[in-house]
Novice: 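Have a look at the structure that comes next, please.
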Amino acid sequence: MLNLILFGPPGAGKGTQSEKIIAKYKLIHLSTGDLLRSEIQKGSELGLKAKTLMDQGILVPDEVVIGMIENKLKEHKGSPGFIFDGFPRTVAQSEALDALLKSYDERISVMIALVVDDNELLTRLLNRGKTSGRPDDQNEALISKRIHEYNSKTMPVAEYYRLQDKYVAINGIGDIEEIFDAISKAIDAHT
Ligand code: AMP
């Protein structure tokens, strides 16, 4: 199996690159942000609770996203692999993911980190907010809060995988195809 983590701050291009990776490597896409937004749309209790936090740019509790990932891994047992997008976002989530994969005799193959500076992220997200309809893309204070959450709670996840020799950083600014090329090379080198 190829189990890939696509890592990076909000606005780094994870969604765009995920689509291209999935098309080429036939992986199952697991985005906790998408899963949470679909719960909100369904109006489920989980969705309602998550929405309050998401609307403030704050991470939802670890056990909520870990539970969702656990269900999806079960649902897609036997698939050629997974691309984790927007997950894990804390070290506790990383540890839980490693344990879950281990229970299937599997492991993370590689973490690809898209590197984009904070100013560029702010510009991209404000732009995306014009069409995405996402409440959390609408104003600068909220976007800054999300970037702050990333820098304080999520950055340590990179170190966690670096220590396992699985971390590859890729410049996330530039031509989409060139970025995808660099990602493909990194994936191929780890499989
Ligand atoms: P995203 O679509 O990945 O930008 O996520 C949107 C929002 O969903 C985040 O700002 C968090 O509030 C929440 N969220 C998504 N994934 C996670 C995660 N792995 N851990 C905690 N909160 C998450």
Side-chain angles (χ1 to χ4, degrees), residues 3-22 27-73 82-101 108 111-118 120-161 167 172:
N3 295 308
L4 180 113
I5 298 172
L6 192 56
F7 188 74
K14 299 190 295 294
T16 307
Q17 294 296 338
S18 282
E19 285 178 18
K20 300 178 76 64
I21 297 168
I22 293 155
L27 304 176
I28 302 283
H29 186 212
L30 294 184
S31 153
T32 40
D34 286 352
L35 292 171
L36 288 166
R37 280 184 289 276
S38 113
E39 290 295 327
I40 292 174
Q41 254 186 343
K42 281 191 265 177
S44 71
E45 195 181 328
L46 186 155
L48 287 174
K49 278 192 192 145
K51 184 172 172 22
T52 317
L53 295 165
M54 290 165 76
D55 283 352
Q56 299 172 75
I58 300 172
L59 294 187
V60 307
D62 288 334
E63 54 281 13
V64 172
V65 284
I66 292 166
M68 291 193 314
I69 291 288
E70 188 171 8
N71 290 339
K72 288 286 166 188
L73 290 181
F82 295 93
I83 172 163
F84 298 94
D85 167 1
F87 177 90
R89 258 179 157 100
T90 62
V91 170
Q93 291 178 23
S94 313
E95 288 167 349
L97 177 61
D98 277 2
L100 276 173
L101 289 173
I108 289 299
M111 164 184 268
I112 309 272
L114 293 174
V115 181
V116 176
D117 64 78
D118 290 0
E120 171 75 13
L121 294 175
L122 186 60
T123 311
R124 286 187 187 182
L125 289 171
L126 284 171
N127 249 324
R128 183 170 89 181
K130 292 178 192 157
T131 53
S132 70
R134 280 180 54 166
D136 58 350
D137 283 345
Q138 302 297 330
N139 75 72
E140 202 168 321
L142 207 45
I143 291 171
S144 296
K145 174 71 190 162
R146 286 160 64 205
I147 296 174
H148 176 79
E149 283 280 273
Y150 175 82
N151 287 331
S152 61
K153 296 180 186 163
T154 307
M155 275 304 271
V157 170
E159 186 58 20
Y160 179 87
Y161 289 99
Y167 175 87

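If you're wondering where the values come from, they're calculated on a predicted model, not measured in any experiment. One-based numbering, in listed order, for ligands and for the atoms of each.
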Novice: On a heavy-atom basis, I'd like to know which of P88, S132, P9, G86 is closest to atom 19 (N) of ligand 1.
Specialist: G86

Novice: State whether the shortest distance between N or O atoms of F87 and N or O atoms of ligand 1 falls below 3.5 angstrom.
Specialist: no

Novice: Considering only heavy atoms of R146, which atoms of ligand 1 have at least one such atom less than 4.0 Å away?
Specialist: 4 (O)

Novice: Which heavy atom of the protein is the closest neighbour of atom 11 (C) of ligand 1, given with residue, atom name and distance?
Specialist: I58 O, 3.7 Å

Novice: Could you identify the single nearest non-hydrogen protein atom to atom 6 (C) of ligand 1 and state the distance to 0.1 Å?
Specialist: R134 NH2, 3.5 Å

Novice: Provide the number and element of each atom of ligand 1 under 4.0 Å from a heavy atom of M54.
Specialist: 7 (C), 8 (O), 12 (O), 13 (C)

Novice: Decide whether the shortest distance between a heavy atom of V65 and an atom of ligand 1 is less than 4.0 Å.
Specialist: yes

Novice: Got a second to check how far R89's CZ is from I5's CD1, nearest 0.5 Å?
Specialist: 12.5 Å

Novice: So how far is it from K145 NZ to E140 CD, rounded to the nearest 0.5 Å?
Specialist: 15.5 Å

Novice: Can you confirm, on distance only, whether ligand 1 has an N/O atom lying under 3.5 Å from any N/O atom belonging to T32?
Specialist: yes

Novice: Assess the residue pair E120 and R124 against the criterion (side chain to side chain contact (heavy atoms under 4.5 Å, CB included)); give the C-alpha distance rounded to whole Å, side-chain angles, the decisive distance to 0.1 Å, and a yes or no.
Specialist: CA-CA 6 Å; E120 171 75 13; R124 286 187 187 182; 2.9 Å; yes

Novice: V60 versus ligand 1: do any nitrogen or oxygen atoms come within less than 3.5 Å of each other?
Specialist: yes

Novice: For atom 20 (N) of ligand 1, find the nearest protein heavy atom and state the residue, atom name and distance (0.1 Å precision).
Specialist: Q93 NE2, 3.0 Å

Novice: Going through the distances and angles, do D55 and D136 end up as a side chain to side chain contact (heavy atoms under 4.5 Å, CB included)?
Specialist: CA-CA 6 Å; D55 283 352; D136 58 350; 5.7 Å; no

Novice: Which option, R89, E149, K14, K145, owns the non-hydrogen atom nearest atom 3 (O) of ligand 1?
Specialist: R89

Novice: Please check if the number of heavy atoms outside K153 that lie under 6.0 Å from its NZ is greater than 12.
Specialist: yes

Novice: Looking at ligand 1, does R37 have a heavy atom less than 4.0 Å from it?
Specialist: yes

Novice: Among F87, F84, Y150, Y161, which residue meets the ring-ring contact (aromatic ring centres under 6.0 Å, His included) test with F7?
Specialist: Y150

Novice: Is there at least one pair of N or O atoms, one from D34 and one from ligand 1, spaced under 3.5 Å apart?
Specialist: no

Novice: Should the pair E39-K42 be classified as a salt bridge under the 4.0 Å nitrogen-to-oxygen rule?
Specialist: yes

Novice: Out of curiosity, L125 CG to Q138 CD, how far, rounded to the nearest 0.5 Å?
Specialist: 11.0 Å

Novice: Test of understanding: given a 4.0 Å heavy-atom threshold, classify the contact between L36 and ligand 1 as side chain, backbone, both, or neither.
Specialist: side chain

Novice: Taking only Lys NZ, Arg NE, NH1 and NH2, and the carboxylate oxygens of Asp or Glu, determine whether D137 and R146 approach each other closer than 4.0 Å.
Specialist: yes

